[in-house]
Amino acid sequence: MNHAAAVWADLARIRELRPLVLNITNDVVTNSTANALLALGASPAMTHAPEDAAELAAYAGAVVLNIGTPDPGRIASMLAAGRAANEKGAPVVLDPVAVGVTAYRRQAARSILDQVKVAVIRGNASEILFLAGEKAQAKGVDSLNGSDEALDAAKALAQAQGAVVCASGPRDIVTDGQGVWYVVNGHPLMPRVTGLGCTATALIGAFAAVNPDPLLATAHAMAVMGLAGEMAAEEAPGISIGPGSLQVRFYDALYQMGEADIVARLRMVRS
Amino acid sequence: MNHAAAVWADLARIRELRPLVLNITNDVVTNSTANALLALGASPAMTHAPEDAAELAAYAGAVVLNIGTPDPGRIASMLAAGRAANEKGAPVVLDPVAVGVTAYRRQAARSILDQVKVAVIRGNASEILFLAGEKAQAKGVDSLNGSDEALDAAKALAQAQGAVVCASGPRDIVTDGQGVWYVVNGHPLMPRVTGLGCTATALIGAFAAVNPDPLLATAHAMAVMGLAGEMAAEEAPGISIGPGSLQVRFYDALYQMGEADIVARLRMVRS
Amino acid sequence: MNHAAAVWADLARIRELRPLVLNITNDVVTNSTANALLALGASPAMTHAPEDAAELAAYAGAVVLNIGTPDPGRIASMLAAGRAANEKGAPVVLDPVAVGVTAYRRQAARSILDQVKVAVIRGNASEILFLAGEKAQAKGVDSLNGSDEALDAAKALAQAQGAVVCASGPRDIVTDGQGVWYVVNGHPLMPRVTGLGCTATALIGAFAAVNPDPLLATAHAMAVMGLAGEMAAEEAPGISIGPGSLQVRFYDALYQMGEADIVARLRMVRS
């Protein structure tokens with residue numbers, strides 16, 4: 001099966017099975033990631049209460065943990081949901097937002113990685129470098145490192161954690177510590193919409209819920225992210241696309257994307 | 001007064017009086033329900049702190065309680081606001097999101113129904129079946145039951161609680177345990193936008209703030225929801241509507257809806 | 001330098017320097033203010049945890065505190081971040097949402113003003129009147145007073161706090177207690193989008209991060225808000241603008257605004 005056919009097969013499967021993706025995520029993206037998952041075809045659920053999280057996780061096809069606005073209740077919820085997902089064998093995806101920036105985020109990420117078996121970690125280059133123990137530069141939640149700088153760190157982190165690692169950027173790197181996929185779909189305006197990195201992580205959850213190979217699931221999710229961004233940014237008569245229009249049309253593109261769009265646009269390679 | 005004239009009268013009254021609708025709601029829809037209420041013509045207020053909730057409720061024309069992302073502080077806020085609304089005679093509307101899915105949500109809904117006099121309960125079919133003590137099937141926050149399956153349960157729940165009950169779906173059921181209204185306005189793309197069910201509940205709050213008959217207020221609110229969805233989904237030159245565009249145009253439609261739109265499109269019947 | 005050139009110089013500087021603006025804000029606007037700051041060209045960061053706030057503030061070019069959905073954790077975070085910003089000399093901007101409406105909000109605002117040196121306070125007329133000790137009328141988060149009624153109160157509050165005060169409305173008032181700027185850009189549909197007042201406060205943070213004169217920074221930010229609202233509301237072929245479209249196009253306008261737009265439209269005067 002060629003790459004485009006494989007991406008399309010996963011997307012079609014999400015639309016058919018509508019996997020429940022449980023998100024314990026940050027304040028900023030609760031609404032936008034739920035909308036992205038619905039537009040894609042998955043069934044999102046969100047919670048932030050430890051009392052609620054483990055029980056919801058028991059129904060989930062994948063669990064997405066995001067430390068973007070951490071607090072004690074959310075971290076306890078992530079640990080409870082992550083352990084419940086591990087018990088039933090559902091994949092857990094971690095987004096270590098700004099992990100290198102504050103001690104509290106470092107502790108949160110450390111607790112999760114110590115207590116939960118994580119299948120996929122997706123971050124920007126700074127976050128991946130930091131988790132791999134390298135020197136990283138960030139401005140708040142934004143990376144000052146390019147994704148290509150993070151290749152060796154991504155491989156090392158993948159090996160250390162036994163997880164797939166994605167360092168996203170203009171060229172996304174996806175690795176299990178051995179093989180590497182590069183995905184170059186996307187659009188330069190995407191970083192001007194808040195939380196599209198978090199949205200990528202949520203989509204990885206949906207793909208991991210239907211594809212048992214987390215390396216492929218992650219690469220396919222990043223491809224669909226980039227494709228939807230490109231489709232959203234296409235000029236239409238009388239419309240000059242800015243970040244507001246891009247976000248609206250991004251949801252439309254996730255919903256409307258067909259096999260022909262993937263075949264025509266996909267740019268992913270395995271090295 | 002025919003049905004369309006009655007719906008329009010309530011909508012015009014909301015735009016004239018701009019009732020304050022206090023929402024203690026979930027993380028996912030805080031922004032989207034505030035925008036829907038503003039577009040409709042009401043004045044939304046949101047809080048999640050027990051310290052703040054009762055005092056705000058004292059100014060409110062209606063109070064909307066939504067258990068979509070429950071936590072102890074939010075539930076305490078809902079109880080405080082609900083009791084304050086009861087004391088001043090303002091209607092309380094409950095959205096029991098995913099009530100059948102976790103024990104914590106069951107307890108939250110139970111506490112509210114035990115301690116607060118609720119005027120209207122709006123949920124999907126699974127939620128209404130569950131609250132009525134029937135067997136229900138849900139996938140996370142989504143119902144696997146159709147709204148027509150919930151007719152008897154809705155009537156029984158309405159009688160047991162002394163409340164109006166709405167089981168929403170392609171055909172909305174609204175009942176006080178005796179009479180039943182059916183509203184069939186709406187569009188199949190609406191479930192692809194997160195939280196439009198929660199938005200319906202918030203709009204019921206606005207209608208209940210201006211119409212003292214909760215059965216009519218609920219039916220009229222569901223009609224306006226469906227009408228706005230239909231108006232939003234109308235094809236425009238060069239626009240192919242997906243979930244992102246639908247949401248944006250839904251707010252526009254709530255703002256722009258006139259009597260002629262209601263007359264031309266309304267499909268609600270009393271049985 | 002004329003007014004338009006001065007506004008443009010600040011906007012260009014934000015786009016060049018991409019200052020980190022830390023927001024401890026309310027549930028309703030977390031996503032929308034992050035998107036507005038990104039579209040403008042700044043780098044937003046959001047948190048609500050005391051454990052996280054001070055450390056993030058140490059990296060910030062400005063800190064924005066908003067009491068729209070207060071709770072004990074958020075208030076502690078605001079105090080911690082505000083003090084950290086004071087120590088490093090970064091400006092702190094306060095949005096006292098609905099401060100006159102509940103005792104809890106009054107206490108929150110009082111704690112912040114007592115413990116943190118605030119550079120700018122932006123509110124609607126009711127909020128400014130209330131903070132100045134005057135009689136104010138509000139419906140929930142909405143002012144029932146016009147901004148022109150708040151001129152004397154704004155001056156008095158500015159003098160009492162040693163801060164710049166902005167009372168926003170159809171005609172924005174910006175004063176340091178001596179000089180007054182009036183900004184009359186804007187569009188009547190803007191109050192129908194939730195949280196655009198909070199967005200104004202966040203933009204003030206970005207301008208204050210690049211312009212050391214808080215009076216000018218605030219006036220320039222309010223001008224860019226109003227200009228973006230006007231640009232967003234412009235009729236396009238086949239589009240009838242409602243609140244949903246306005247919000248989307250507002251982000252686009254923040255991103256696309258050039259010097260010519262400012263020159264053509266700016267309406268601000270110093271009295």
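Only a predicted model underlies this, so the values are computations on that prediction, with no experimental measurement involved. Order of the sequence lines sets the chain letters (A, B, ...), proteins ahead of strands, with each chain counted from 1.
The minimum heavy-atom distance linking B:Pro70 with A:Ala49 is given by the pair O-CB, 3.0 Å. A pairwise comparison of heavy atoms in A:Glu55 and B:Ala103 identifies OE1-N, 2.9 Å as the closest pair. Nearest heavy atom pair, residue A:Asp252 against residue B:Gly242, reads OD1-C, 2.9 Å.
Other residues, nucleotides and ligands contribute only 12 or fewer heavy atoms inside 6.0 Å of the CZ atom of A:Arg13.
Interface summary for chain A: among B:Thr69, B:Leu246, B:Thr102, the most heavy-atom pairs under 4.5 angstrom belong to B:Thr102. Contacts with chain B were tallied for A:Leu20, A:Asn31, A:Val248, A:Asp52; A:Asp52 has the most, counting heavy-atom pairs under 4.5 Å. Highest contact tally toward chain B, considering only A:Ala45, A:Ser43, A:Ala58, A:Gly41, is held by A:Ser43 [criterion: heavy-atom pairs under 4.5 Å]. Listed options A:Leu254, A:Val29, A:Leu38, A:Thr47 were ranked by heavy-atom pairs under 4.5 angstrom with chain B; first place goes to A:Leu38. For the options A:Phe250, A:Tyr255, A:Tyr251, A:Tyr59, heavy-atom pairs under 4.5 Å to chain B are most numerous at A:Tyr255. When each of A:Gln256, A:His48, A:Gln247 is scored by its heavy-atom pairs under 4.5 Å with chain B, the top score falls to A:His48.
Looking only at atom types and distance, the side chain of A:Asn35 has no donor-acceptor partner in the side chain of B:Thr194 under 3.5 Å away.
A side chain to side chain contact (heavy atoms under 4.5 Å, CB included) with A:Met46 is found for exactly one of B:Val28, B:Val141, B:Asp27, B:Asn26, namely B:Val28.
With rounding to the nearest 0.5 Å, the separation of CZ in B:Arg192 from CG in A:Leu40 is 8.5 Å.
Contact check for A:Glu51 versus B:Pro72: side-chain heavy atoms found under the 4.5 Å cut-off.
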